[in-house]
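Okay, so here's the structure we're looking at.
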Protein chains: 4
Amino acid sequence: MIIQLDMQSELPIYSQLVNQIIEGIASGQLQLGEALPSVRNLAADIGVNLHTVNKAYTLLKQDGYIQVHRQKGVVVNPDGMPELTDDFLRKQQSELRPIIAEAICRSMNKEQLLAVLAEIYDDVKEAHSEE
Amino acid sequence: MIIQLDMQSELPIYSQLVNQIIEGIASGQLQLGEALPSVRNLAADIGVNLHTVNKAYTLLKQDGYIQVHRQKGVVVNPDGMPELTDDFLRKQQSELRPIIAEAICRSMNKEQLLAVLAEIYDDVKEAHSEE
Amino acid sequence: MIIQLDMQSELPIYSQLVNQIIEGIASGQLQLGEALPSVRNLAADIGVNLHTVNKAYTLLKQDGYIQVHRQKGVVVNPDGMPELTDDFLRKQQSELRPIIAEAICRSMNKEQLLAVLAEIYDDVKEAHSEE
Amino acid sequence: MIIQLDMQSELPIYSQLVNQIIEGIASGQLQLGEALPSVRNLAADIGVNLHTVNKAYTLLKQDGYIQVHRQKGVVVNPDGMPELTDDFLRKQQSELRPIIAEAICRSMNKEQLLAVLAEIYDDVKEAHSEE
DNA sequence: GTGGTCTAGACCACT
DNA sequence: GTGGTCTAGACCACG
């Protein structure tokens, strides 16, 4: 999987990493149980600090997206993805709300907004067929 | 308009302020041309430093949401809201993409996601009738 | 002469007033010795504070552009305009320098820049024929 | 590069800083991609508060003159300078217009004015050969 | 060590 | 009384 980082982004690199790996799983490019590069290798590949990759993996592990075994390495959680908890839905809403408010101010109607979301949804889901 | 801040949030206070004011405009609680509290008044009201409020106002001004009249105060831009630019749509997509990927991982299908978005959209838009 | 003020501009209103009156003189719309509105009248006409007009007139008087007589009112200096002093040239250069540096960064060559300046020069000078 | 500040100037310190850095780029003293001093170092060097330097850097970043790499520091934008947009030209004209009108009042003719501008242009451009 | 954020308190220009 | 600017000093996230 190709990792694309924007060093100028306001988003921390470790967050970008987390997002890209989650998107990789969502798209099917990364299968359940599939091995991820070691902290050391990934850091070398994308040219960032060890700590940065480590932080990304730690966060992904905390949320249940991946498992980190001592010597065996890092794998996408073979037992499946984290649940659709209330906590997650609350966090999702608090993230979506400002985006939607901004869109309303700029005169997007509900249909336009739903269309944008549907398009991204399909784009993320269908990415694995391009790989 | 009531401003709710979460001092524990990872989101900077000035960002929370920006979001709340944009939501206030989106909901109709703040009308075009309506005066906003002065930097010092708002800072005192919500218990933060005036520079923090100032930064929020500056960002809102840059994006065209508000106008800062010299020595008279701050008003919601009476000439209307900023345009639906390509830049904005790009930013919007880059913000939505990780949220959607995460939702896919947690087994939300497209319909559920669209429903969540539609609900928030209505909630934001109808807030003014509660005021 | 029509005064155009931009209440959202970063430039203070009194500065805008000064600029507009100087441009009026430069264009010939205001002749040497010609009467200007009283502080009170001008303030009422353009809807600004008395102090603001007063400050503009005071600055123009200090630089020798206008004369203010106690009861007779304000006139464009009938004895001619202020001299082309070294002080003025120094000030002019310090104002032009950052504008030119910015233009160079954005790849304007000398000819383009001279053309822009010549065009504005003609525009200011010929404004009186349209009036 | 040597930064010269006039603490008595009406121009804010952060604006002077912005101007000097832009002139440094225009003159070639600062190359594309070249590192600028850290906020704290520059602040200490020129004896101002770090927030003042920060504001200058933020403005330069917004206009695309520099890039701020997360936790690595500040560099002159290696991807080139901002475009020659219509907005920029409009701003440029509104800045030049009062300067030109004042010059006309003081009896500068077009040739004199063009000569002054040409001289400053060359002066800015050739500064790098003195360095 | 870097920039980002926040606080506290001051002075000034403008209206 | 308003926003704009500046200082001084602090803590944090990031890498």
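None of these values were measured; they are calculated from a predicted model. A note on names: the letters A, B, ... follow the listed sequences, proteins ahead of strands, and every chain is numbered from 1.
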query: Counting side-chain heavy atoms from C-beta on, which of E/dC6, F/dC14, F/dG3 comes nearest to B/Val68?
result: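 Out of E/dC6, F/dC14, F/dG3, the nucleotide with an atom closest to B/Val68's side chain is F/dG3.
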Between [atom1] of [X] and [atom2] of [Y], what distance do you get to the nearest 0.5 Å?
X: B/Ser38; Y: B/Lys72; atom1: OG; atom2: NZ; result: 15.0 Å
X: B/Leu30; Y: A/Cys105; atom1: CG; atom2: SG; result: 9.5 Å
X: D/Leu36; Y: D/Leu42; atom1: CG; atom2: CG; result: 8.0 Å
X: B/Ile22; Y: A/Arg97; atom1: CD1; atom2: CZ; result: 13.5 Å

Find the distance [X]:[atom1] to [N]:[atom2] and express it as a whole number of Å.
X: B/Met7; N: F/dC12; atom1: CE; atom2: P; answer: 14 Å
X: B/Leu11; N: E/dC6; atom1: CG; atom2: P; answer: 9 Å
X: A/Leu59; N: F/dG15; atom1: CG; atom2: C1'; answer: 15 Å
X: B/Leu36; N: F/dT2; atom1: CG; atom2: C1'; answer: 14 Å
X: A/Leu5; N: F/dG15; atom1: CG; atom2: C1'; answer: 13 Å
X: C/Glu10; N: E/dA13; atom1: CD; atom2: P; answer: 17 Å
X: B/Leu42; N: F/dT2; atom1: CG; atom2: C1'; answer: 14 Å
X: B/Lys61; N: F/dG3; atom1: NZ; atom2: C1'; answer: 9 Å

query: Looking only at heavy atoms, which two atoms of A/Ile13 and A/Met7 are closest? And how far apart?
result: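 Smallest interatomic distance, heavy atoms only, reads CD1-CE, 3.3 Å.
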field: Nearest heavy atoms of B/Pro98 and B/Ser94, plus distance in Å
entry: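 Result for this residue pair: CD-O, 3.1 Å.
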message: Can you confirm whether D/Gln92 sits close enough to D/Phe88 that some side-chain heavy atom of one is under 4.5 Å from a side-chain heavy atom of the other?
response: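 Result yes, sub-4.5 Å side-chain heavy-atom pair found.
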message: Between C/Ser15 and D/His69, which residue's closest nucleotide on DNA chain E lies nearer the 5′ terminus?
response: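 Its nucleotide being nearer the 5' end, the pick is D/His69.
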task: Between B/Asn41 and D/Ile13, name the one whose nearest nucleotide on DNA chain F is closer to the 5' end.
output: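 Taking each residue's closest nucleotide, the earlier one in sequence belongs to B/Asn41.
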message: What contact category does D/Tyr14 fall into here, base, sugar-phosphate, or nothing, at under 4.0 angstrom with non-hydrogen atoms?
response: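 Counting heavy atoms under 4.0 Å across all strands, the contact made by D/Tyr14 is with sugar-phosphate only.
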query: In Watson-Crick or G-U wobble terms, both distances under 3.5 Å, what is the partner of E/dA13?
result: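 Across any shown strand, E/dA13 pairs with F/dT2.
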Check: E/dG1 base within 3.5 Å donor-acceptor of D/Arg40 side chain: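 Per atom types, no contact qualifies.
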query: What are the residues of residues 46-56 of chain B, sorted by number, that bring a heavy atom to within less than 4.0 Å of DNA chain E?
result: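 Output list: B/Val48, B/Asn49, B/His51, B/Thr52, B/Lys55.
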